[in-house]
Amino acid sequence: MEKKRLSKQVLYNQMNNNKPFKFHWGHGIILTFILFGGFMAYFYMNMTHENIDLVGKQYYQDGQNFQEKINERNGANHLLEKPIYEFSEDFQAVRISYPSSIQKISLVFYRPSDAKLDQQINLSKLSGDFQIVKTSFLKKGPWKLSIHWTQNNQKYQEE
């Protein structure tokens, strides 16, 4: 009886040995899956709330007018005199130099990631050889500048 009791006591002591926790490869695999799942959940939540305005509101009409845009760009490539733009070092102003034959210029500042920040500035009745336009509305990030102008009653465009 003593022997039986002793073996139960030895077993009990071995099971409740209060050894410090040892981290082994099985725990690492489980922890890796948990961290990966958490990252994927975080990534999914952030990306579903991101607003990307790569398609315009009038995409069908824009598609129909695309050939007209191509013709305007090709025509601008063949011009000897066309508008030239330079940004200031701090991007707070843009200087537009143009030939005297231009009747009007339109600057379109396009922000691919947020359509609410898009700006169009129309310059007409041009006098002199250049104009300076304030661009303090430009926030940090990617921007595209498209210049549309009319020269000798012909429309041109350049990006």
Side-chain angles (χ1 to χ4, degrees), residues 20-159:
F21 175 74
K22 287 189 177 181
F23 189 82
H24 58 81
W25 64 271
H27 294 120
I29 290 174
I30 291 172
L31 184 64
T32 301
F33 280 126
I34 290 171
L35 290 175
F36 181 73
F39 169 74
M40 292 305 291
Y42 170 77
F43 186 72
Y44 174 76
M45 293 301 289
N46 280 345
M47 293 312 291
T48 56
H49 297 299
E50 186 71 26
N51 186 19
I52 299 174
D53 299 318
L54 294 178
V55 177
K57 290 180 177 62
Q58 300 172 342
Y59 65 92
Y60 184 75
Q61 185 64 32
D62 291 343
Q64 295 295 320
N65 296 336
F66 192 69
Q67 185 61 45
E68 187 176 314
K69 288 181 183 181
I70 291 172
N71 293 341
E72 289 175 5
R73 288 179 187 163
N74 288 339
N77 290 337
H78 298 297
L79 286 177
L80 296 176
E81 293 183 331
K82 53 187 170 182
I84 300 170
Y85 64 92
E86 295 177 49
F87 281 95
S88 64
E89 288 183 23
D90 59 356
F91 290 98
Q92 296 298 308
V94 62
R95 181 179 193 256
I96 309 289
S97 303
Y98 45 81
S100 59
S101 58
I102 292 181
Q103 288 96 18
K104 65 179 183 175
I105 296 178
S106 177
L107 305 174
V108 179
F109 293 91
Y110 172 69
R111 177 75 179 247
S113 60
D114 191 357
K116 295 175 202 147
L117 297 176
D118 291 355
Q119 292 280 334
Q120 181 170 350
I121 299 171
N122 296 317
L123 307 173
S124 59
K125 275 297 193 191
L126 303 173
S127 60
D129 295 341
F130 70 92
Q131 263 186 315
I132 296 177
V133 177
K134 299 282 184 191
T135 56
S136 56
F137 59 87
L138 293 177
K139 294 186 178 185
K140 285 188 178 183
W143 287 89
K144 287 178 84 175
L145 173 61
S146 180
I147 301 176
H148 305 263
W149 73 92
T150 305
Q151 185 173 355
N152 300 326
N153 294 324
Q154 183 72 29
K155 291 183 178 182
Y156 299 99
Q157 173 180 335
E158 191 169 80
E159 286 190 5

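Residue numbers run from 1 in the order of the sequence given.
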Distance in Å, Ile147 CD1 paired with Phe109 CZ, rounded so as to fall on 0.5 Å steps: 8.0 Å
Gap between atom CH2 of Trp25 and atom CD1 of Ile29 - 0.5 Å precision: 5.0 Å
From Glu158 atom CD to Lys82 atom NZ, the distance as rounded to the nearest 0.5 Å: 4.5 Å
Heavy atoms from other residues, nucleotides or ligands near CZ of Phe137 exceed 12 (cutoff 6.0 Å): yes
Check: Asn71 and Gln67 side chains under 4.5 Å, non-hydrogen atoms: yes
Validation row: Thr135, Trp143 side chains within 4.5 angstrom (heavy atoms): no
From CD1 (Ile84) to CD1 (Ile96), nearest 0.5 Å: 10.0 Å
Enclosure of Phe23 CZ (heavy-atom neighbours >12, cutoff 6.0 Å): yes
Rounded distance (nearest 0.5 Å) linking atom CG of Asp118 with atom CZ of Arg111: 9.5 Å
Heavy-atom closest pair, residues Glu72 and His148: OE1-ND1, 4.3 Å
Beyond-backbone contact of Tyr156 with Ile102, side-chain heavy atoms, under 4.5 angstrom: no
Interatomic distance, Lys144 atom NZ to Tyr110 atom OH [nearest 0.5 angstrom]: 7.0 Å
Beyond-backbone contact of Leu107 with Val133, side-chain heavy atoms, under 4.5 angstrom: yes
Side chain to side chain, Ser106 and Ile121, heavy atoms closer than 4.5 Å: no
Residue pair Leu79 / Trp149, side-chain heavy-atom distance below 4.5 Å: yes
Validation row: Gln92, Lys134 side chains within 4.5 angstrom (heavy atoms): no
Which atom of Arg73 lies closest to which atom of Glu159, heavy atoms considered: NH2-OE2, 2.7 Å
Aromatic plane relationship, Phe36 with Phe39 - under 30° parallel, 30 to 60° tilted, over 60° perpendicular: tilted
Short side-chain donor-acceptor distance under 3.5 Å, Asn122 and Gln120: yes
